[in-house]
K.L.:
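Here it is, the structure, as structure tokens.
Since we're looking at a predicted model, the values are computed, not measured.
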Amino acid sequence: MSSTSYFYFGFSLLLLLHSAVSMDYGAALTKSLLYFEAQRSGKLPPNQRVQWRGDSALNDGRDAGVDLLGGYYDAGDDVKFGFPMAFTVTMLAWGVVEYGSQLQAKEELSNALECIKWGTDYFIKAHPEPNVFYGEVGDGDSDHSCWQRPEDMTNTRNSYRIDEQHPGADLAGETAAAFAAAAIAFNGSNPSYSSQLITHAKQLFDFAKNHPGQYQNSISVAGSFYLSSGYEDELLWAAAWLHRATQDKGYMDYIQQSVNSGGTRSMFSWDDKYVGTQVLIAKSRFLSAVSMDYGAALTKSLLYFEAQRSGKLPPNQRVQWRGDSALNDGRDAGVDLLGGYYDAGDDVKFGFPMAFTVTMLAWGVVEYGSQLQAKEELSNALECIKWGTDYFIKAHPEPNVFYGEVGDGDSDHSCWQRPEDMTNTRNSYRIDEQHPGADLAGETAAAFAAAAIAFNGSNPSYSSQLITHAKQLFDFAKNHPGQYQNSISVAGSFYLSSGYEDELLWAAAWLHRATQDKGYMDYIQQSVNSGGTRSMFSWDDKYVGTQVLIAKNLLKGKFVEDGKFGEYKSNAEQFICNCIQKGSSNVQRTRAGLLWWQPWNNLQYLTSSLFVTTTYADTLTATQNTLQCPGGSVTPEDLITFVRSQVDYILGSNPKGMSYMVGFGPKYPQHVHHRGASIVSIKTDSSPVTCKGGFDWFGRNEPNPNVLEGAIVGGPDQGDDYTDSRSNYQQAEAATANTAPLVGVLARLA
């Protein structure tokens, strides 16, 4: 065979993409992808760029009653050898998985994906049944007796297959690897196609595993050209790719249980895949090494809230680069509004996301208080909650009055100052009977009620006080409907609420849990809208939270699973199924498997989803149940494994090798979009930083002088890439609503 066989080009793509010397590797990259168009078999597409080629082999598969048009000729002849073709596609896909952003930058990503799809579309045709795969069309001996253009072929082109009676675990295993790697490559741009590829990958892996044997014993005409030395390496290779594509621990168990890891190999090729598997495993273990210390991540996550504190800091403040700030808040309204949290990288106290933050912190303590206690973090978690609820108590001076914001985003964003130096006007904004905000009042009622449960054991009098505020705010919200941005207009450009019905249900669910007052459950039952199956759980959309609270009670037998409550449970479970990729409308993922909702602050949706998945898994365990998804039955252990994989991605097990929790691991964002962290501490340099003067700090290339430990930034894009720049607020800004749900998850995993 020719030494220029096409499978070497797939491997060389990895090298071309990663090189940074003076030669024009971009031009070489373009030409390497053109080569695959020259190797195409079948009916060529309208966008074919290699114009000297034409349609060929248009009857392939007709002898077997199967459409086998497409695929690639392997080298300088006109045979479609499935074994090296599958390796080619796997390597092309690996190139996209690892270097998709670089391909995109060179405007070659779409061409690379087309090269992969030309192969996988053919493999789909070649795999008409779970345990049948057509592994060759044409044969080398007949082909080598002729020297023709592929468009002119006159020799007989028989189709050759493997099946249960004629196995080929090496061929099936390599094609399973190709399908799985390609599924990752297409996950961001074509999730339905990605899902189809996963199905074929799983079927072929099972076929290979259950029917061992070398494929040339079934397709003898292949033996003189692409003789396989064994099939164990392909099974391991396929398992490694399937694990990466699905995060199903069973594939990693298969690898761990294998007797032969391959030893030190002399080559990596279409025949010998051990090195590929070894590298995938080595990368996985290296990248996840920093993510195992969940206890350390938990500690840092709680420190983050101390960095976000507004007001007079307490004597036990641990984040020492921060100082007192906003000490006149509320003075314009004659109310003490000191305290609370700044929401993200600015210096505004937005009440709506702050309340959700406190609710999620409290839910973490309610579910995982014993785990927090075991890690000696319970008192810190309770202090984080109390810093918020103490502020909310001040902000709620009358039953039907609540101060929902101090400062405004437009004024704040015109300055870049430490919170200790703020010079802009900080007005106080409220809702009342004439200016309602049922969403804001409802969410704060939920925060009070959840916090009341968290404090019930350690501080019952405080818990009772919180219940009183929760009840008053719920009644206020129920009796005075409306969206809060219609009363606090300055909030609308930053935290726009989509409605208030979800917050009322959410508050009622928490008040029922805190008081056991049946009236709150009656309110939920009488509600017309249970929310349906949601696409996310966030500071704006609380339906999933309510659904999960009710579903947990149904599993525990505390409620009767009638039509209405059953609807809540079904919706909760469908949401979780969609997150774990076993639903009817799965959440999108990045190429490396991170759940993906949107470019701006994607990780906020991930952490909240991981929390509800975690607590639901634990309730399933406690009640000896499993989750029934459209994609199959899921055990509680499967759910926790999925959660752990996503948390590991956040903490560093990702293509960038970067922890998206600031201060955790050896590599994390250095230029977080955060005023206080980006300017020298007032305790180091007390010289005032002016409104506009602070932008000098904003524009510096140096890392932030203060490490915002525990902050979860917005995170990578759908290609798993991340730009560490203060100006990149969509990715590089952290928010309290990002970290709050993760506290409970980390406590559970630690």
Side-chain angles (χ1 to χ4, degrees), residues 9-10 13-14 17 29 32-33 36-37 40 45 47 70-72 85-127 174-205 237-238 240-248 251 276 280 578-599 602 631 645-646 649 654-655 716-721:
F9 280 82
L13 272 179
L14 291 170
L17 289 165
L29 170 63
S32 71
L33 291 168
F36 293 96
E37 296 193 19
R40 282 172 171 167
N47 64 347
Y72 291 109
M85 192 194 306
F87 179 70
T88 294
V89 172
T90 309
M91 294 307 299
L92 282 168
W94 197 358
V96 169
V97 169
E98 299 291 347
Y99 301 111
S101 60
Q102 289 91 332
L103 281 159
Q104 184 67 62
K106 293 295 183 180
E107 298 183 353
E108 293 292 352
L109 178 59
S110 61
N111 291 323
L113 289 172
E114 284 197 28
C115 289
I116 297 167
K117 196 170 187 292
W118 192 263
T120 51
D121 282 352
Y122 171 74
F123 292 149
I124 290 170
K125 296 176 182 179
H127 186 219
E174 179 57 65
T175 314
F179 274 130
I184 302 171
F186 280 102
N187 186 56
S189 61
N190 195 340
S192 62
Y193 188 62
S194 175
S195 178
Q196 183 183 12
L197 298 179
I198 287 291
T199 298
H200 284 280
K202 289 179 176 179
Q203 290 176 349
L204 280 173
F205 177 76
W237 176 237
W241 276 113
L242 272 161
H243 176 263
R244 185 161 179 178
T246 67
Q247 297 301 307
D248 185 333
Y251 295 111
L280 285 175
N578 288 338
C579 287
I580 64 171
Q581 307 298 296
K582 289 185 177 292
S584 56
S585 184
N586 291 337
V587 176
Q588 292 188 56
R589 296 185 297 166
T590 67
R591 291 191 190 94
L594 184 76
L595 293 184
W596 174 262
W597 281 267
Q598 65 175 38
N602 180 65
S645 72
Q646 296 288 301
Y649 185 111
N654 55 63
D717 62 21
Q718 200 166 5
D720 300 291
D721 202 10

K.L.:
Would you say the side chain of Asn602 lies within less than 4.5 Å of the side chain of Thr590, judging by non-hydrogen atoms?
P.N.:
no
K.L.:
Using 0.5 Å steps for rounding, measure from the CG atom of Asp721 to the CD atom of Gln102.
P.N.:
7.0 Å
K.L.:
Carefully, step by step, assess Gln581 and Leu595 under the rule side chain to side chain contact (heavy atoms under 4.5 Å, CB included).
P.N.:
CA-CA 9 Å; Gln581 307 298 296; Leu595 293 184; 3.5 Å; yes
K.L.:
Any donor-acceptor pair under 3.5 Å linking the side chain of Asn586 with the backbone of Gly583?
P.N.:
yes
K.L.:
Please enumerate all residues that pass side-chain hydrogen bond (donor to acceptor under 3.5 Å, both in side chains) together with Gln104, with sequence neighbours excluded.
P.N.:
none
K.L.:
Start with the C-alpha distance between Ile124 and Tyr193, add both sets of side-chain angles, then the distance that settles side chain to side chain contact (heavy atoms under 4.5 Å, CB included), and finish with yes or no.
P.N.:
CA-CA 11 Å; Ile124 290 170; Tyr193 188 62; 3.9 Å; yes
K.L.:
Check whether any side-chain heavy atom of Val96 sits under 4.5 Å from a side-chain heavy atom of Leu103, and report yes or no.
P.N.:
yes
K.L.:
What's the separation between atom CZ in Arg40 and atom SG in Cys115, rounded to the nearest 0.5 Å?
P.N.:
6.5 Å
K.L.:
With a 6.0 Å cut-off (strictly less than), is the heavy-atom count around NZ of Lys106, excluding the residue itself, greater than 12?
P.N.:
no
K.L.:
Between the side chain of Gln588 and the main-chain N/O of Trp597, is any donor-acceptor distance below 3.5 Å?
P.N.:
no
K.L.:
Looking only at heavy atoms, what is the nearest atom pair of Val97 and Ala181, with distance?
P.N.:
CG2-O, 3.8 Å
K.L.:
When you compare the side chain of Phe179 with that of Val89, does any pair of heavy atoms fall below 4.5 Å?
P.N.:
no
K.L.:
Residues two or more places apart in sequence or in another chain: which of them pass side-chain contact (heavy atoms from CB on, under 4.5 Å) with Ser194?
P.N.:
Ala183, Phe186, Asn187
K.L.:
Nearest 0.5 Å, what's the CZ-CD distance between Arg589 and Gln646?
P.N.:
8.0 Å
K.L.:
Give the table of side-chain donor-acceptor pairs shorter than 3.5 Å for residues 196-203, with sequence neighbours excluded, one pair per line with atom names and distance.
P.N.:
residue: Thr199; atom: OG1; partner: Ser195; partner atom: O; Å: 3.3
residue: His200; atom: ND1; partner: His127; partner atom: ND1; Å: 2.8

K.L.:
Do the side chains of Trp94 and Arg244 get nearer than 4.5 Å, heavy atoms only?
P.N.:
yes
K.L.:
Kindly determine whether Phe36 and Asn111 satisfy side chain to side chain contact (heavy atoms under 4.5 Å, CB included), including the steps that lead there.
P.N.:
CA-CA 10 Å; Phe36 293 96; Asn111 291 323; over 6 Å; no
K.L.:
If you take all heavy atoms of Trp118 and Gly71, which pair is closest and at what distance?
P.N.:
NE1-O, 2.9 Å
K.L.:
To the nearest 0.5 angstrom, please state how far the CE atom of Met85 sits from the OH atom of Tyr72.
P.N.:
9.0 Å
K.L.:
Is the backbone of Gly188 close enough, under 3.5 Å, to the side chain of Gln718 for a donor and an acceptor to pair up by distance?
P.N.:
yes
K.L.:
For residues Glu174 and Thr90, is any side-chain donor paired with an opposing acceptor at under 3.5 Å?
P.N.:
yes
K.L.:
Working to the nearest 0.5 angstrom, can you tell me the gap between Lys125 NZ and Thr120 OG1?
P.N.:
11.0 Å
K.L.:
Mind checking the CZ-CG spacing from Phe123 to Leu204? Nearest 0.5 Å is all I need.
P.N.:
10.0 Å
K.L.:
Could you pull out the closest heavy-atom pair between Ala238 and Ala176, with the gap in Å?
P.N.:
CB-CB, 4.0 Å
K.L.:
Considering only heavy atoms from C-beta outward, does the side chain of Pro716 approach that of Asn654 to under 4.5 Å?
P.N.:
no
K.L.:
State whether the side chain of Asp720 and the backbone N or O of Pro655 hold a donor-acceptor pair below 3.5 Å, judged by distance alone.
P.N.:
no
